[in-house]
Student: 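Mind looking over this structure? Questions follow.
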Amino acid sequence: MDTLSSSFLQKCSLTPFLPLQFNTPIITYAFSSSSTARTQLHITKQSKSRQIAGTKNHSYLLANLFKSLDGFICDFVDPPLRPPTDPKLVLSGNYAPVDELPPTVCEVEGSLPPCLDGAYIRNGPNPQFIPRGPYHLFDGDGMLHSIRISRGKATFCSRFVKTYKYNVEREFGSPVVINYFSAYTSLLATVARYTVAFGRTLSGQYDVRRGTGNANTSLALFGGKLFALCESDLPYAIKLTSDGDIITLGRDESFGEPLMSMTAHPKVDKETGEAFAFRPSISRPFLTYFRINADGIKQPEVPIFSMAEASLVHDFAITESYAIFPDTQMVINPKEILKGKPPLLVNAEKVTRLGIIPRNAEDESGMMWIEVPGLNMLHISHAWEEDGGDTVVMVVPNLLPVEHVLEHMDLVHSSMERIEINLKAKTVARRPVSGRDLEFGVVNPAYVGKKTKYIYAAEGGRVSSRAGLVKIDLSLSTPNSDDCVVANRLYDPGCYGGEPFFVAREPDNPAAEEDDGYLVIYVHNENTEESKFLVMDAKSPILEIVASVKLPQRVPYGFHGLFVSEDDLQKLL
């Protein structure tokens with residue numbers, strides 16, 4: 001959800017003002033080759049003053065000066081904070097941050113299926129420091145919560161993604177990078193914050209070329225590597241040790257130049273091993289699409305010049321032949337910053353579109369834009385082709401009303417819709433698949449880009465805390481149908497989860513039924529303040545819980561997760 005911070009920093013990075021003699025923080029990564037399971041991360045440190053601010057003896061004086069200026073802005077320049085950016089409200093309950101937890105053995109209730117040997121990892125925001133000023137949920141540092149399973153036993157671990165931002169701020173002992181989703185409280189406060197950021201960059205205390213992202217959104221496995229991702233930076237490679245610990249290997253710049261970023265939602269074709277991705281920008285081209293081959297090597301980029309303005313493109317979809325991008329009413333206009341307002345806004349006059357391009361395109365000549373009025377989404381649950389490729393079908397949660405998306409997500413209803421696009425006639429047919437409030441829709445990962453029967457989605461609740469799960473049977477969707485939900489589970493009172501993940505019971509069996517597997521998820525009990533890892537039977541009409549793991553530490557509500565099999569963990573580069 002970090003399109004803004006990525007694009008703005010790419011264009012306003014202060015890079016031309018960086019004098020070469022300034023010695024910015026140096027972090028180098030070295031890996032032990034003696035054992036894959038024992039790979040360790042080593043941070044090579046210079047003296048503390050050199051690591052933070054080059055060779056200048058007054059580095060700590062500067063650090064304290066900038067910290068004091070930050071405090072002054074928060075205390076005397078910011079207007080009273082609104083609820084969506086007041087950290088006392090945003091970070092209450094199970095949205096509050098937790099400390100890192102080393103690998104800890106867990107208590108298992110029931111029996112964990114053998115297919116879960118591996119690790120379920122979920123990403124989410126967890127600020128390293130309690131914010132003194134405005135804070136938005138999307139601003140937090142990335143923390144990975146992993147449960148590693150082996151022969152029915154479970155080990156839990158929580159670790160920050162050790163981004164460049166995280167490491168520098170940890171050295172300072174306070175925040176350094178602007179919270180881009182919440183910094184724009186007034187014109188005076190915005191100017192003051194960017195002036196301080198300019199000073200930090202000019203003095204060499206922070207080098208934006210080395211990344212500004214917090215890697216707090218999702219995870220992806222492709223090209224033999226496991227990544228933590230967000231839209232404000234390039235991916236960070238991570239690794240799990242044999243005992244369940246999580247190691248950050250470092251920022252992977254093979255997917256772009258130092259000031260570039262990449263989507264937090266790459267799509268992986270299980271059959272070909274290819275990954276598909278994009279990067280947004282606040283200047284033309286506003287969207288750039290690219291493929292990554294099975295070896296993890298990025299292919300030539302395809303700039304999309306036909307996108308007319310910077311739009312919040314958080315997710316996209318692939319089919320066997322196409323990639324599909326939304327162009328919604330949620331737009332980015334940096335000129336709003338000059339008014340002391342957030343650059344992310346809703347343009348109610350804009351007609352939303354879907355852009356469809358051949359997924360192996362070498363240029364945008366094959367891009368087709370189809371108008372779909374009133375269709376606004378952050379996530380796309382699934383897409384596939386029918387009629388020999390003449391029709392593209394999508395299932396998406398449409399955010400209604402879109403005006404509340406940016407600041408009042410609790411007032412938004414996500415209506416799950418089926419969208420059928422006739423590519424020859426350029427016509428669109430739409431119908432709901434359920435009237436419930438549904439988000440975070442997922443499918444069996446083996447079916448990415450292919451026609452599916454089932455989608456699993458989180459139901460009701462708040463931004464990233466949902467009250468239950470549903471199973472949708474898309475074969476029941478007709479022009480006269482109104483609800484295709486065939487199974488659901490509401491959690492116990494006071495319990496909330498987020499996005500589920502589907503794990504096949506027999507992943508290597510091509511004859512296995514699509515829903516023959518399990519749904520896994522973290523669920524938190526707000527009454528007891530305890531978190532659990534739940535395993536549910538995806539074929540059950542009540543999504544029956546077959547195993548539950550009591551976790552040794554609370555898991556804050558977060559975003560997207562991934563299951564990685566033991567075989568894949570052993571193959572990580």
Side-chain angles (χ1 to χ4, degrees), residues 27-43 117-123 142-146 148 157 159-164 166-167 210-211 213-242 244-258 260-279 290-301 318 445-446 448 501 503 507 559-573:
I27 300 175
T28 60
Y29 300 95
F31 308 106
S32 170
S33 59
S34 59
S35 171
T36 302
R38 294 292 181 183
T39 300
Q40 297 293 326
L41 169 66
H42 305 283
I43 299 180
D117 277 12
Y120 170 70
I121 317 165
R122 204 221 60 205
N123 205 343
M143 177 172 272
L144 304 178
H145 305 277
S146 170
R148 182 147 190 175
C157 178
R159 295 290 190 192
F160 282 103
V161 183
K162 304 306 192 298
T163 61
Y164 173 68
Y166 171 88
N167 285 326
R210 303 183 69 177
N214 42 27
N216 70 1
T217 307
S218 66
L219 299 110
L221 175 68
F222 57 86
K225 295 181 180 180
L226 180 60
F227 298 102
L229 308 105
C230 72
E231 288 160 11
S232 57
D233 211 332
L234 295 173
Y236 275 81
I238 62 171
K239 194 175 182 72
L240 268 67
T241 65
S242 58
D245 210 347
I246 306 168
I247 296 172
T248 302
L249 302 180
R251 186 171 183 248
D252 194 324
E253 294 189 355
S254 65
F255 301 118
E257 299 299 325
M260 290 183 176
S261 62
M262 190 178 109
T263 176
H265 287 290
K267 306 302 178 186
V268 180
D269 187 317
K270 292 290 185 179
E271 287 190 0
T272 66
E274 295 174 291
F276 302 83
F278 68 92
R279 67 176 108 259
F290 57 92
R291 296 183 296 120
I292 302 166
N293 69 19
D295 296 321
I297 300 173
K298 185 174 78 71
Q299 304 303 293
E301 297 184 351
I318 63 165
V448 169
F501 195 87
V503 182
F559 300 135
H560 306 284
L562 182 72
F563 175 78
V564 185
S565 70
E566 185 62 32
D567 286 346
D568 285 334
L569 286 175
Q570 296 300 325
K571 296 175 185 176
L572 289 180
L573 300 177

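Side chains included, hydrogens not; waters and symmetry mates left out as well; all remaining heavy atoms used.
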Student: Has the side chain of Tyr236 got a donor or acceptor atom that lies under 3.5 Å from a matching backbone atom of Cys230?
Tutor: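 Looks like no, no N/O pair under 3.5 Å.
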Student: Any idea which heavy atoms bring Pro300 and Phe290 closest together, and the distance?
Tutor: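 Distance-wise, the nearest heavy atoms are O-CB, 4.3 Å.
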Student: What's the spacing between Leu572 CG and Lys239 NZ if we round to 0.5 Å?
Tutor: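 Separation between the atoms: 5.0 Å.
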Student: Tell me if a side-chain donor or acceptor on Ser261 pairs with a main-chain N or O of Glu231 at a distance below 3.5 Å.
Tutor: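 Checked: pair present.
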Student: Do the non-hydrogen side-chain atoms of Leu144 and Val161 ever get within less than 4.5 Å of each other?
Tutor: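 Yes; the side chains approach each other to less than 4.5 Å.
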Student: My understanding is that only residues two or more places apart in sequence, or in another chain, count here; which of them pass side chain to side chain donor-acceptor pair (under 3.5 Å) with Arg122?
Tutor: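 Counting only residues at least two positions away or on another chain, Arg122 forms no side chain to side chain donor-acceptor pair (under 3.5 Å).
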Student: How would you list, by chain and number, every residue that makes a side chain to side chain donor-acceptor pair (under 3.5 Å) with Asp245, sequence neighbours excluded?
Tutor: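 Once residues adjacent in sequence are excluded, the partners of Asp245 under the side chain to side chain donor-acceptor pair (under 3.5 Å) criterion are Arg159.
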Student: How far apart are the closest heavy atoms of Tyr166 and Phe160, and which atoms are they?
Tutor: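 Smallest interatomic distance, heavy atoms only, reads CE1-CG, 3.4 Å.
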Student: Nearest 0.5 angstrom please: Asp117 CG to Glu566 CD, how far?
Tutor: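 So the CG of Asp117 and the CD of Glu566 are separated by 7.0 Å.
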Student: With rounding to the nearest 0.5 Å, note down the distance linking CZ in Phe276 to OG1 in Thr263.
Tutor: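 That separation rounds to 13.5 Å.
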Student: Show the nearest heavy-atom pair for residues Asn167 and Lys162, with the distance to one decimal.
Tutor: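 Minimum heavy-atom contact is ND2-O, 3.5 Å.
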Student: Do Ile318 and Val448 make a side-chain contact, defined as non-hydrogen atoms from C-beta onward lying under 4.5 Å apart?
Tutor: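 A side-chain contact under 4.5 Å exists here.
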Student: Donor-acceptor pairs under 3.5 Å, side chain of residues 218-229 to any protein atom, not counting sequence neighbours: which ones?
Tutor:
| unit_1 | atom_1 | unit_2 | atom_2 | d |
| --- | --- | --- | --- | --- |
| Ser218 | OG | Ala264 | O | 2.3 |
| Lys225 | NZ | Asp252 | OD2 | 3.3 |

Student: Of all residues at least two apart in sequence or in a different chain, which pass the side chain to side chain donor-acceptor pair (under 3.5 Å) check with Glu301?
Tutor: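 Expected list: Arg279, Lys298.
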Student: Of all heavy-atom pairs between Met262 and Phe255, which one has the smallest distance, and what is that distance?
Tutor: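 Distance-wise, the nearest heavy atoms are SD-CB, 3.9 Å.
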Student: Of all the heavy-atom pairs spanning Thr163 and Ala215, show the shortest one and how long it is.
Tutor: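 Reported closest heavy-atom pair: CG2-CB, 3.7 Å.
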Student: Closer than 3.5 angstrom, by distance alone: can the side chain of Arg148 be matched with the main-chain N or O of Cys157 as a donor-acceptor pair?
Tutor: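 No; zero donor-acceptor contacts below 3.5 Å.
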Student: Compare every heavy atom of Leu240 with every heavy atom of Ala119, then report the nearest pair and how far apart it is.
Tutor: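 Smallest interatomic distance, heavy atoms only, reads CB-CD2, 3.5 Å.
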Student: What I'd like to find out is whether the side chain of Phe559 reaches to under 4.5 Å of the side chain of Asn123, using heavy atoms alone.
Tutor: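 SC-SC contact between Phe559 and Asn123 ruled out.
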Student: Suppose we screen for side-chain contact (heavy atoms from CB on, under 4.5 Å). Which residues come up paired with Glu271, at least two apart in sequence or across chains?
Tutor: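 Checked Glu271 against side-chain contact (heavy atoms from CB on, under 4.5 Å); matches are Asp269, Lys450.
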Student: Taking the side chain from Asp295 and the backbone from Ile297, do they hold a donor-acceptor pair closer than 3.5 Å?
Tutor: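 Answer holds: no.
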Student: Taking side chain to side chain donor-acceptor pair (under 3.5 Å) as the definition, give me every residue that meets it alongside His560, ordered by chain and number, with sequence neighbours left out.
Tutor: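 With neighbours one apart ignored, the set is His265, His379, Glu499.
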